[in-house]
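Notes to accompany the following structure.
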Number of protein chains: 2
Amino acid sequence: MSAGNAPPVGFEKHDHSACVAQALAAAEARCAAEGLRLTPVRRKVLELLLQKHRALGAYAILDLLRDAGFGSQPPVAYRALDFLAEHGFVHKIERLNAFVACSHPGETHSPAFMICRLCDAVAETQSTPAKGALGAAARAAGFHIEKTVVEAEGICPACAEKPKA
Amino acid sequence: MSAGNAPPVGFEKHDHSACVAQALAAAEARCAAEGLRLTPVRRKVLELLLQKHRALGAYAILDLLRDAGFGSQPPVAYRALDFLAEHGFVHKIERLNAFVACSHPGETHSPAFMICRLCDAVAETQSTPAKGALGAAARAAGFHIEKTVVEAEGICPACAEKPKA
DNA sequence: TCTTGGCATGTTATTTCATATCCTGTCTTG
DNA sequence: CAAGACAGGATATGAAATAACATGCCAAGA
């Protein structure tokens with residue numbers, strides 16, 4: 001990570017403890033409804049990502065897991081992250097090799113991300129990549145799209161205002 | 001890499017030795033025109049990526065460099081790749097942590113990729129991600145996009161035809 | 001109850017990807 | 001020629017991801 005104490009939020013402010021609790025409750029509800037097992041490690045990883053509200057590398061998560069009394073070897077974190085990502089509770093940011101909690105729980109998922117080059121803040125939005133030029137190219141080539149990664153790198157509003165902070 | 005001898009091509013067939021030579025010549029011309037230094041290592045890396053015509057990891061490139069008599073330590077490959085990527089001769093596939101030679105030399109570059117989940121074949125096309133929902137979201141959020149990564153994962157035509165190969 | 005099977009987790013080790021740092025040679029340019 | 005810039009070699013290390021194997025838990029069925 002290029003910044004140790006970057007702005008913790010998508011880009012806009014919001015009440016945090018409330019949104020963490022709410023998101024965790026929603027995740028629990030969905031897991032119960034779908035027969036998924038939100039085990040202690042998985043729940044903890046999701047909670048950590050929700051609390052930090054920024055992209056965390058697997059090894060950063062691992063440190064936090066250790067602090068919380070869980071196992072601290074790579075597979076512990078990766079397995080939890082695989083589960084959470086598979087079911088859309090978190091997303092992987094390929095550009096950063098890092099993970100963020102999903103900001104749009106429940107919605108149809110074709111996420112796109114805006115990543116600040118200076119502070120690593122990440123904001124999630126929706127995209128429809130298969131609708132445009134990419135979708136046309138895929139159809140023309142006979143390629144069947146299953147999933148898309150859309151990540152925009154640039155400068156977030158906060159960093160744009162303090163160019164030399 | 002999940003396949004050792006996957007189809008070597010974007011998806012469609014074409015004459016290969018010709019396109020390699022042509023691309024190399026074009027790269028040399030452009031470097032000469034812009035005062036860039038296409039040194040032996042850099043040229044070799046580009047040539048290798050053009051020949052293989054598929055995504056190669058840095059360490060695979062490194063092995064090939066060693067075979068060709070160049071240095072074989074990681075920085076050798078990464079420095080060459082950084083140079084080539086910076087000037088648009090190759091692209092990094094974030095999803096694979098690998099690199100491919102550019103298929104559209106010279107054109108305005110906002111590439112998008114289709115990556116086969118089964119054979120790792122990669123095809124390049126153009127995208128205009130900032131035109132659609134993503135661009136709108138960025139403007140609304142005050143985010144300034146500098147570069148975008150668009151990578152679609154799915155099944156290529158060849159693999160679709162032989163489901164159980 | 002026992003036990004069997006599935007699943008999650010823990011542990012160790014290794015592979016793969018990427019970068020930092022230092023040094024040397026070469027080329028250019030004043 | 002001296003000074004500076006840049007490319008590249010060498011060593012080391014950091015960081016991400018997975019392989020392989022062992023253990024613990026819990027629920028279904030004999």
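Atoms considered below: every heavy atom in the structure, side chains included; atoms not considered: hydrogens, waters and symmetry mates. Order of the sequence lines fixes the chain letters, A, B, ..., with proteins taken first and strands second; residue numbering starts at 1 for each chain.
Looking at Arg66(B) and Asp63(B), a side-chain N of the basic residue comes within less than 4.0 Å of a carboxylate O on the acidic one, giving a salt bridge.
In this entry the distance linking CG of Leu38(B) with P of dC6(D) reads 17 Å, nearest Å. Between Tyr59(A) atom OH and dA16(D) atom C1' the separation is 6 Å, expressed in whole Å. Look at CG on Leu62(A): it is 16 Å from P on dG14(D), rounded to the nearest Å. In this structure, Phe70(B) atom CZ and dA10(D) atom C1' are separated by 17 Å, rounded to whole Å. Between Leu84(A) atom CG and dA8(C) atom P there is a gap of 12 Å when expressed in whole angstrom units. Summarising the geometry, the separation between CD on Glu94(B) and P on dA18(C) is reported as 8 Å, rounded to the nearest angstrom. Between Leu65(A) atom CG and dA8(C) atom C1' there is a gap of 14 Å when expressed in whole angstrom units. If you measure from atom CG of Asp82(B) to atom P of dC6(D), you get 16 Å, rounded to the nearest angstrom.
For the pair Ile155(A)/Arg117(A), a side-chain contact is recorded, criterion being any heavy-atom separation below 4.5 Å from C-beta on. Residues Val20(A) and His53(A) fail the side-chain proximity criterion, which asks for heavy atoms closer than 4.5 Å.
Of the candidate nucleotides dT11(D), dT11(C), dA7(D), dT11(C) has the atom nearest to the side chain of Pro75(A). Of the candidate nucleotides dG8(D), dT11(D), dA19(D), dG8(D) has the atom lying nearest to any side-chain atom of Val41(B). Which of dA12(D), dA17(D), dA8(C) sits closest to the side chain of Phe99(A) comes down to dA17(D). Comparing dA17(D), dT18(D), dC6(D) by their nearest atom to the side chain of Ala58(A) picks out dA17(D). If you check dC17(C), dA12(D), dA20(D) against the side chain of Pro74(B), the one that comes closest is dA12(D).
Contact between the side-chain N/O atoms of Asn97(A) and the OP1/OP2 oxygens of dA15(D) is not found at any separation under 4.0 Å. When the side-chain nitrogen and oxygen atoms of Arg42(A) are compared with OP1 and OP2 of dA8(C), one or more of them lie within a distance under 4.0 Å. Side-chain N/O atoms of Thr39(B) include one lying less than 4.0 angstrom from OP1 or OP2 on dG8(D). For the OP1/OP2 pair of dA18(C) and a distance below 4.0 Å, the side-chain nitrogens and oxygens of Tyr78(B) include at least one atom meeting the criterion. For Lys92(A), no side-chain nitrogen or oxygen approaches OP1 or OP2 of dA16(D) to under 4.0 Å.
Position along DNA chain D of the nearest nucleotide to Ser72(B) versus Arg37(B) favours Arg37(B) as the more 5'-ward residue. Both Gln73(A) and Phe83(A) sit near DNA chain C, but only Phe83(A) has its closest nucleotide nearer the 5' end.
As judged by a 4.0 angstrom heavy-atom cut-off over every strand, Arg79(B) is placed among the base-contacting residues.
Annotation: cation-pi pair Arg30(A)/Phe89(A) present, NZ/CZ under 6.0 Å from the ring centroid and within 45° of its normal.
For the residue pair Ala137(B) and Thr125(A), the shortest heavy atom distance occurs at CB-OG1, 3.5 Å.
Of the possible donor and acceptor atoms, one in the side chain of Ser127(A) sits under 3.5 Å from a partner among the backbone N and O of Ser110(A).
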